[in-house]
Number of protein chains: 2
Amino acid sequence: MTADRKELAALSPEERQAVILEKVNAAGRVLAAGLAQEFGVSEDSIRRDLRDLSDAGLVQRFHGGAARLVTPALDFHRRETLHAEEKQSIGRAAAATIPDGATLLVDSSTTVVRFVRSLSPALSLRIITTAVDVAAAALDHPLADVVMLGGRLGRLTRSATGAGAIDAIRALRVDYCVLGTCGVDHGLTLRADDFEDAHLKSAMIRAANKTLLLATADKLGQAATYEVAPVSAVSALFTSSRDTAILKAIREAGVDVETV
Amino acid sequence: MTADRKELAALSPEERQAVILEKVNAAGRVLAAGLAQEFGVSEDSIRRDLRDLSDAGLVQRFHGGAARLVTPALDFHRRETLHAEEKQSIGRAAAATIPDGATLLVDSSTTVVRFVRSLSPALSLRIITTAVDVAAAALDHPLADVVMLGGRLGRLTRSATGAGAIDAIRALRVDYCVLGTCGVDHGLTLRADDFEDAHLKSAMIRAANKTLLLATADKLGQAATYEVAPVSAVSALFTSSRDTAILKAIREAGVDVETV
DNA sequence: CATATATGTGCCTTTTTATGCATGATTGGA
DNA sequence: TCCAATCATGCATAAAAAGGCACATATATG
């Protein structure tokens, strides 16, 4: 059990404001109520932060509990991909279930990047990953301890592969494994061209106490060639799918299904 | 670890401050209470240390008994946009000297990111790095074989640190080592707060046949505290500096100097 | 060898900071 | 128009930093 910290780590106003700035930069708009919940502070504190940032000329406030970026100068890669809103919702729902002090083993996918970005800034976490984009996202978290597992990087997944990474994972014991790349049918599946990754995924699942699966609607009922693990290996599934038949079957396998 | 505690208790303020700086560099954030317990001294002493470090401009303090460096992500993006065209020119000039089939060992810096982005798409390369941003840039190259060396990621450099990464480098033998983070005076230097990285850099230099140094004008003549290697260890220097005196001295050390 | 000085340290008190709650004002929409 | 939600302000409380003070140890000096 790595959850050694009980209390939420309190962020200083400066740190909070930096994170808020990032969020405003990414989302374009933030709500005081939501931020208050994320940071675990009262809305008053958030308003004070917003006022400070506004005084500094960094954000523009307007009624409605919101703020908008005033300097569009920092227009960095905002590659809005397919199903962005869908992935965002899934990631946020999964992130809400992570307790303080947890150790996470995260695979490579655009959905889990959303997940990482949605993790509450007030949580003290340890994030282990093979994916460069996940690592980059995790480094933006104010309290996360980030470990990157090395190896030759796959061009498609932008993540480490091969025996070295698998060995490193075998030596791990973590609280949560968070997967976003698998299809789900009778089991967790990967396409044949990813068979190299299949061993990695199953090692990740075995290293974890709980496995969270983040799957957009198109992943459900997708019978791909390689089965990584049975559905019962998954602790919780977060999905946007409304396919009641499949969801029912997955629930009956003992999986906690949450639709967003 | 009681043995450590005993040793730490005997530390002088200077030594303590060096360790604190290392921790801040790695974790991004430290708490006075925790440090007091670790070192076995009172919080007052820690506060005095933090005040000294703050006066020296090495850490940023904030209420909450904590200290940290500037916001990592924002800081990195800010650094990337600083002297952007200068770094771009340097990176392009260095990239032009790389032959087909070369194996590159690349450190973490905003300048080498430009270098990687400027590498000709027609070259068949092998790029090895400890930095997530360099890895991300290298993956955009159509032919490059990218290897990421793992480890715990430092927030400031966004790159792997520690014994694991150093061991991995020791086992390597590459054509080129490309550095962008060092200052240059009589030798290649690093600031005291990066002394953890100094071993990494010198291992990288030893692993390489040739060492390319990419230095913006402000790096020249900068006598930082830790010397990684003598100037003669560098094969070629690419710089925007016009300081003829220093450049002449470097040339006389046998370094091929190219100004852009 | 003894003593003076400096430095590091811990404890105490004062001041500053951060936060949450309560109250009143303002905004935007039904 | 009214109503609900959001925002600002004042105040109380708790936590933390700063400054003063005393004690210990080490170094230097006679």
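Any value given below was found using the heavy atoms of this structure, including those in side chains, with hydrogens, waters and symmetry copies removed. These figures come from a predicted structure and were not determined experimentally. Chain naming here is simple, since letters A, B, ... match the order of the sequence lines and numbering starts at 1 in each.
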Novice: Atom CG of B:Asp52 and atom P of D:dA18: how far apart are they, to the nearest Å?
Specialist: 11 Å
Novice: Other residues, nucleotides and ligands only: do more than 12 of their heavy atoms fall within 6.0 Å of CD on A:Gln37?
Specialist: no
Novice: Could you work out, with side-chain contact (heavy atoms from CB on, under 4.5 Å) as the rule, every residue matching B:Lys23, not counting sequence neighbours?
Specialist: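 Scan of B:Lys23 (side-chain contact (heavy atoms from CB on, under 4.5 Å), adjacent residues dropped) gives B:Val19, B:Val30, B:Leu35, B:Glu38.
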Novice: OP1 or OP2 of C:dT26 versus the side-chain N and O atoms of A:Arg61: is any pair under 4.0 Å?
Specialist: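 So the side chain of A:Arg61 is outside the cut-off, no N or O lying under 4.0 Å from OP1 or OP2 of C:dT26.
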Novice: In degrees rounded to 10°, what angle is found between the helical axes fit to the five outermost pairs at each end of the helix from C:dC1-D:dG30 to C:dA30-D:dT1?
Specialist: 30°
Novice: Under 4.0 Å between a side-chain N or O of A:Ser45 and OP1 or OP2 of C:dG20?
Specialist: yes
Novice: Any donor-acceptor pair under 3.5 Å between the side chain of A:Arg48 and the base of C:dG20?
Specialist: yes
Novice: To the nearest Å, give me how far apart CD (B:Glu15) and P (C:dT7) are.
Specialist: 18 Å
Novice: Quick check: any donor-acceptor pair below 3.5 Å linking the side-chain of A:Asp44 to the base of D:dC7?
Specialist: no
Novice: Counting just side-chain N and O atoms, does A:Arg51 come under 4.0 Å of either OP1 or OP2 of D:dT6?
Specialist: no
Novice: Side-chain contact test, heavy atoms from C-beta onward, threshold under 4.5 Å: evaluate it for A:Ser118 versus A:Gln88 and give yes or no.
Specialist: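 Contact flag for A:Ser118/A:Gln88 side chains = yes.
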Novice: Nearest to the side chain of A:His63 - C:dT26, C:dA18, C:dG20?
Specialist: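 Of all the options, the side chain of A:His63 is nearest to C:dT26.
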Novice: If only atom types and distance count, is the side chain of A:Glu14 paired as donor or acceptor with the main-chain N or O of B:Gln60 below 3.5 Å?
Specialist: no
Novice: In chain order, what residues pass the side-chain contact (heavy atoms from CB on, under 4.5 Å) check against A:Asp243, with sequence neighbours excluded?
Specialist: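 For A:Asp243 the side-chain contact (heavy atoms from CB on, under 4.5 Å) partners, ignoring immediate neighbours, are A:Ser241, A:Ala245, A:Ile246.
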Novice: Once you round it to whole Å, what is the distance between P of D:dA16 and CG of B:Leu35?
Specialist: 14 Å
Novice: What's the CD-P distance between B:Glu43 and D:dA18, to the nearest Å?
Specialist: 13 Å
Novice: Roughly how many Å is it from CG in A:Leu50 to P in C:dT19, rounded to a whole number?
Specialist: 14 Å
Novice: Take the protein atom CG of A:Leu11 and the nucleotide atom C1' of D:dA16, then report the distance between them rounded to whole Å.
Specialist: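 Between C1' of D:dA16 and CG of A:Leu11: 17 Å.
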Novice: With a 4.5 Å cut-off on side-chain heavy atoms, are B:Arg48 and B:Asp44 touching?
Specialist: yes
Novice: Identify which nucleotide among C:dA18, C:dT19, D:dC7 has an atom closest to any side-chain atom of A:Glu14, counting heavy atoms from C-beta outward.
Specialist: C:dA18
Novice: Reckon A:Arg47 has a side-chain N or O less than 4.0 Å from the OP1 or OP2 of D:dA5?
Specialist: no
Novice: OP1 or OP2 of C:dA18 versus the side-chain N and O atoms of A:Ser12: is any pair under 4.0 Å?
Specialist: no
Novice: Before you tell me yes or no, could you show the steps for A:Ser240 and A:Ile90 under side-chain contact (heavy atoms from CB on, under 4.5 Å), namely the whole-Å CA-CA distance, both residues' side-chain angles and the distance that decides it to 0.1 Å?
Specialist: CA-CA 7 Å; A:Ser240 53; A:Ile90 294 173; 3.9 Å; yes
